[in-house]
Engineer: 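Below: one structure in structure tokens.
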Amino acid sequence: MTLVDQVLEGDRRAAARLISLLENDGREAQRALSELYAHTGRAHIVGVTGASGTGKSTLVAELAKEYRRRGQTVGIVSVDPTSPFSGGALLGDRIRMQELTKDTAVFMRSMATRGNLGGLARATGDAVKVLDAFGKQVIFVETVGAGQGEVEIAKNAHTVVVVEAPGLGDDIQAIKAGLLEIADLFVVNKADREGADRSVSALEAMLDLDSRQNRWRPPVLKTVALHGQGIAAVADALQSHLDYLRASGQYQTRERGRAEAELRALLARELLSDLMRRVPSAKFAAMVDAMAARQIDAHTAVRRLIAGG
Ligand SMILES: Nc1nc2c(ncn2[C@@H]2O[C@H](COP(=O)(O)OP(=O)(O)O)[C@@H](O)[C@H]2O)c(=O)[nH]1
Ligand SMILES: [Mg+2]
């Protein structure tokens with residue numbers, strides 16, 4: 001049986017192996033992904049992002065349990081190097097994770113954060129596709145909302161949850177990180193701490209300023225993920241957003257946007273590596289030298305390299 005058949009039959013180890021192969025970006029893995037692709041497109045992909053320490057991993061673990069109670073299967077892809085999913089967690093968090101890993105209907109995976117962000121974004125997208133084909137009905141992708149790359153990964157979801165926590169310095173961390181634009185749902189976690197209501201009002205006030213018509217207004221929900229409080233309401237809101245996407249036709253728009261972004265990124269990568277194979281490295285180095293010596297500018301250098309002259 002091929003690896004693809006094994007994944008489609010629900011073999012967890014095959015799925016884990018395929019994701020590792022894809023992380024290493026081998027041709028064989030890419031061929032496997034081509035075969036799997038027709039089986040993807042069924043999962044609800046939920047990006048969960050926000051500053052480090054806001055409780056994203058805890059929230060995702062609690063949401064996973066809630067979805068299980070609702071009879072759905074769950075995939076979790078974590079791109080957070082400090083995540084309990086990838087070790088380095090406190091005891092309580094580790095126990096929480098162990099509970100989840102015992103449930104075979106939940107598949108957890110943390111992505112290696114070595115290498116460049118472009119590669120990470122691609123590998124994360126591939127892992128999501130594997131879990132989708134594997135039959136997971138909802139897939140959470142946790143990223144730290146720290147930079148452009150992480151935001152790109154989060155944007156690649158149907159629904160984006162931005163997690164805030166009171167008392168982490170500034171009132172609203174999402175404003176700083178430029179996450180407001182991409183949020184479909186705000187969660188103010190750690191509502192057991194002082195200042196949660198202030199964070200909620202600040203977010204609502206921000207949303208009031210948005211004058212765009214006929215738009216999904218992101219709900220702002222309070223949770224205490226640590227104690228499983230407010231989790232069902234978040235799961236309900238995620239479902240409402242999915243229903244909204246479907247009813248408004250935006251589901252197709254987002255799918256198309258995702259496809260286009262993926263195609264452009266892959267084309268750029270393939271065309272670049274194709275060119276680099278054709279250009280002798282000495283010639284490339286000479287071009288760099290000439291640029292550093294201000295003898296040639298980047299645009300001219302690019303034109304020459306592409307023209308092969
Ligand atoms: N007080 C409190 N602590 C929480 C809550 N949710 C998570 N935490 C704790 O906050 C810390 C960071 O949580 P984690 O889920 O790893 O945050 P992440 O970095 O955003 O993934 C952990 O020690 C959690 O136990 C909450 O609702 N209230
Ligand atoms: Mg985390």
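First listed ligand is number 1; within each ligand, the first listed atom is number 1.
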Engineer: Is it the side chain, the backbone, both or neither of Asp192 that has a heavy atom closer than 4.0 Å to ligand 1?
Structural biologist: side chain
Engineer: What atoms of ligand 1 come closer than 4.0 angstrom to any heavy atom of Glu142?
Structural biologist: 21 (O)
Engineer: What atoms in ligand 1 come closer than 4.0 Å to a heavy atom of Thr58?
Structural biologist: 7 (C), 13 (O), 14 (P), 15 (O), 24 (C)
Engineer: Quick check: Thr54 and ligand 1, any N/O pair under 3.5 Å apart?
Structural biologist: yes
Engineer: I'd like to check whether Ala225 has a polar contact with ligand 1, where a contact means an N/O of the residue lying under 3.5 Å from an N/O of the ligand.
Structural biologist: yes
Engineer: Just by distance, do the side chain of Lys283 and the backbone of Gly308 share a donor-acceptor pair under 3.5 Å?
Structural biologist: yes
Engineer: For the pair Leu36 and Lys129, evaluate side chain to side chain contact (heavy atoms under 4.5 Å, CB included) and give the outcome as yes or no after the intermediate values.
Structural biologist: CA-CA 8 Å; Leu36 276 183; Lys129 287 194 201 92; over 6 Å; no
Engineer: Quick check: closest heavy atoms across Pro218 and Arg215, and the distance to 0.1 Å?
Structural biologist: CD-NH1, 4.4 Å
Engineer: By the definition side chain to side chain donor-acceptor pair (under 3.5 Å), identify the one residue from Gln239, Arg246, His241 that meets it with Asp243.
Structural biologist: Gln239
Engineer: Are the side chain of Lys56 and the backbone N or O of Ala51 linked by a donor-acceptor pair below 3.5 Å?
Structural biologist: yes
Engineer: Please find the N/O/S atom of Glu142 nearest to the Mg ion (ligand 2) and write down its name.
Structural biologist: OE2
Engineer: Quick check against the 3.5 Å criterion: does Asp132 have a side-chain atom that pairs as donor or acceptor with the backbone of Arg42?
Structural biologist: yes
Engineer: Of the listed options (Val48, Asn189, Val224), which comes nearest to atom 6 (N) of ligand 1 when hydrogens are ignored and any heavy atom counts?
Structural biologist: Asn189
Engineer: Below 3.5 angstrom, do we get any N/O pair linking Leu59 and ligand 1?
Structural biologist: no
Engineer: Can you tell me if His227 has a non-hydrogen atom under 4.0 Å from ligand 1?
Structural biologist: no
Engineer: Tell me if a side-chain donor or acceptor on Thr49 pairs with a main-chain N or O of Thr143 at a distance below 3.5 Å.
Structural biologist: yes
Engineer: For a distance under 2.8 Å, tell me if Thr58 has an N/O/S atom near the Mg ion (ligand 2).
Structural biologist: no
